[in-house]
Visitor: 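First the structure, which I've put down as structure tokens, then a few questions once you've had a look.
Convention: sequence-line order gives letters A, B, ...; per-chain numbering from 1. Note that this is a predicted model, so its numbers are computed, not measured.
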Amino acid sequence: MQLEATNRTPAVSISATGIEMKGECYPEDITAFAEPVMEALRQQLESAESFHARIELYYFNSSSAKFLFDFFEELEEAAEEGKQIQIDWCYRADDSSMQEAGEDFEEDFEHAQYQIVEI
Amino acid sequence: MQSQDFHKLLEQRRTFFCYSGLLSEDVLSTFSGIVREQMSEMEDDAEITKRVFGIFVEQAQNVIRYSKDRIAEGGTGTVAISRAEDGFLIEAINPMDHENAEGLQKNLDELKAMDNKELRKAYKQRLREGPPEGSKGAGLGFIEMARKADHFEFDFVGSTELLFVFKVWIKETSS
């Protein structure tokens, strides 16, 4: 699955081995954006042994925070089932809001490997 | 009020962005670029620009989703951004139902009494539990604004037509 970035949605690329999400995230219609991404993620996770998520966002709104939470929950559940899950939350060096956002999600992971990465 | 007085009023209150009327997601898309451009021209600290923009989006989406006056894909209201003494003021005003006011007031009073740690906890709890009944989003907007704000105030004004006013200040000196 490949989604081009728009002004309000990130570029998304999902393959058998991982997902990359990069850009802005405050979609006009969060459901219309989130549902296909979650569906593609679930499909890939079913057959994957290991999966790598790289998230590089510059801004997301509160509706998207819920999407990200659900997205990470899916990955954490896969890790709990024994899959190798690696998540990199990437933020630009001077971007303290995205660094803090990354820290907000950190405590939800027990089984998945979650790293906050300065870029 | 004379047209020139309206112009002067905006100047006096140092309001550099003001929109009143139908707000929809399409309208918000159009404004996003403008607000970001205005902010980055005025403010060197990208983090402040980002916080002001984030508050603006949440404010606009509240009007879009919860204004009592509905048109097509949105609601009517006013959103404005002004220079404040030591930062920026982001305001939203929209008509609302009397019956929803009490619940909202209680919710906002609770948020106002919370410190940063408690707000973070409330935010995480809301994420886990999902949106409350009647929410058209994640139910996180006000918590998110309370976390980002240096200060916020709200008011319910008018008896026949009730207006909800929400004001958020972002200071330039804060981290």
Visitor: Count the heavy atoms belonging to other residues, nucleotides or ligands that lie under 6.0 Å from NZ of B:K112, then report whether that count exceeds 12.
Guide: yes

Visitor: Check whether any side-chain heavy atom of A:D108 sits under 4.5 Å from a side-chain heavy atom of B:K124, and report yes or no.
Guide: yes

Visitor: Report yes or no: does B:K50 contribute a side-chain atom to a donor-acceptor pair with the main-chain N or O of A:S97 at less than 3.5 Å?
Guide: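 No: the side chain of B:K50 does not pair with the backbone of A:S97.
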
Visitor: In this structure, are over 12 heavy atoms from other groups packed under 6.0 Å from B:E110 atom CD?
Guide: yes

Visitor: Name the option with the most non-hydrogen atom pairs under 4.5 Å to chain A; the candidates are B:G141, B:S29, B:G139, B:G54.
Guide: B:S29

Visitor: Counting only heavy atoms closer than 4.5 Å, note whether B:I143 contacts chain A via side chain, backbone, both or neither.
Guide: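 Contact with chain A involves no heavy atom of B:I143 at all.
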
Visitor: Salt bridge or not for A:E24 and B:R36, using N-O below 4.0 Å?
Guide: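 Yes.
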
Visitor: Taking the six-membered ring for Trp, are A:Y26 and B:F53 closer than 6.0 Å centroid to centroid?
Guide: yes

Visitor: Would you kindly say whether A:R8 and B:S32 are connected by a side-chain donor-acceptor distance under 3.5 Å?
Guide: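 Short answer, no.
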
Visitor: Give a yes or no on this: more than 12 heavy atoms of other residues, nucleotides or ligands lie within 6.0 Å of atom CD of A:E4.
Guide: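 No.
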
Visitor: Treat each ILVMFWY residue as a node, draw an edge where side-chain heavy atoms are under 4.5 Å apart, and state whether B:F56 and B:M42 are in one component.
Guide: yes

Visitor: Where do A:E28 and B:E25 come nearest, in terms of heavy atoms and distance?
Guide: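 Closest approach of A:E28 to B:E25, heavy atoms only: O-CG, 3.5 Å.
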
Visitor: Hey, quick one: are B:V57 and B:I34 part of the same hydrophobic cluster, counting side-chain heavy atoms closer than 4.5 Å, chains of contacts allowed?
Guide: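 In one cluster: yes.
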
Visitor: Any side-chain heavy atom of A:D104 sitting closer than 4.5 Å to one from B:R147?
Guide: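 In short, these two side chains touch, coming nearer than 4.5 Å.
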
Visitor: Does B:E47 reach the side chain of A:D94, with side-chain heavy atoms less than 4.5 Å apart?
Guide: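 No - every pair of side-chain heavy atoms lies 4.5 Å or more apart.
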
Visitor: Do A:N61 and B:Q61 pair up side chain to side chain, a donor and an acceptor below 3.5 Å, judged on atom types alone?
Guide: yes

Visitor: Would you say A:E106 has more than 12 foreign heavy atoms packed within less than 6.0 Å of its CD?
Guide: yes

Visitor: Do other residues, nucleotides or ligands put more than 12 heavy atoms under 6.0 Å from A:K22 NZ?
Guide: no

Visitor: Could you tell me whether B:N100 atom CG has more than 12 heavy atoms of other residues or ligands within 6.0 Å of it?
Guide: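 For B:N100, atom CG is crowded (more than 12 foreign heavy atoms under 6.0 Å).
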
Visitor: Quick one: what part of A:E107 sits under 4.5 Å from any heavy atom of chain B, side chain, backbone, both or neither?
Guide: side chain

Visitor: Same hydrophobic cluster for B:I93 and B:V79, using side-chain heavy-atom links shorter than 4.5 Å among ILVMFWY?
Guide: no

Visitor: Ignoring hydrogens, what is the shortest heavy-atom contact between B:L127 and A:A65? Give both atom names and the distance.
Guide: CD2-O, 3.5 Å

Visitor: Which heavy-atom pair separates A:S62 from B:E144 by the least distance, and what is that distance?
Guide: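 Heavy atoms only, the tightest pair is CB-CB, 4.3 Å.
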
Visitor: Among A:Y59, A:F60, A:F105, who wins on heavy-atom pairs under 4.5 Å with chain B?
Guide: A:Y59

Visitor: Should B:L89 and B:V168 be counted in the same cluster of Ile, Leu, Val, Met, Phe, Trp and Tyr side chains packed under 4.5 Å apart?
Guide: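 Different clusters.
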
Visitor: Could you verify whether a donor N or O on one side chain and an acceptor N or O on the other, from B:R65 and A:S63, lie under 3.5 Å apart?
Guide: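 Looking only at side-chain atoms, A:S63 and B:R65 do form a donor-acceptor pair, the distance falling under 3.5 Å.
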
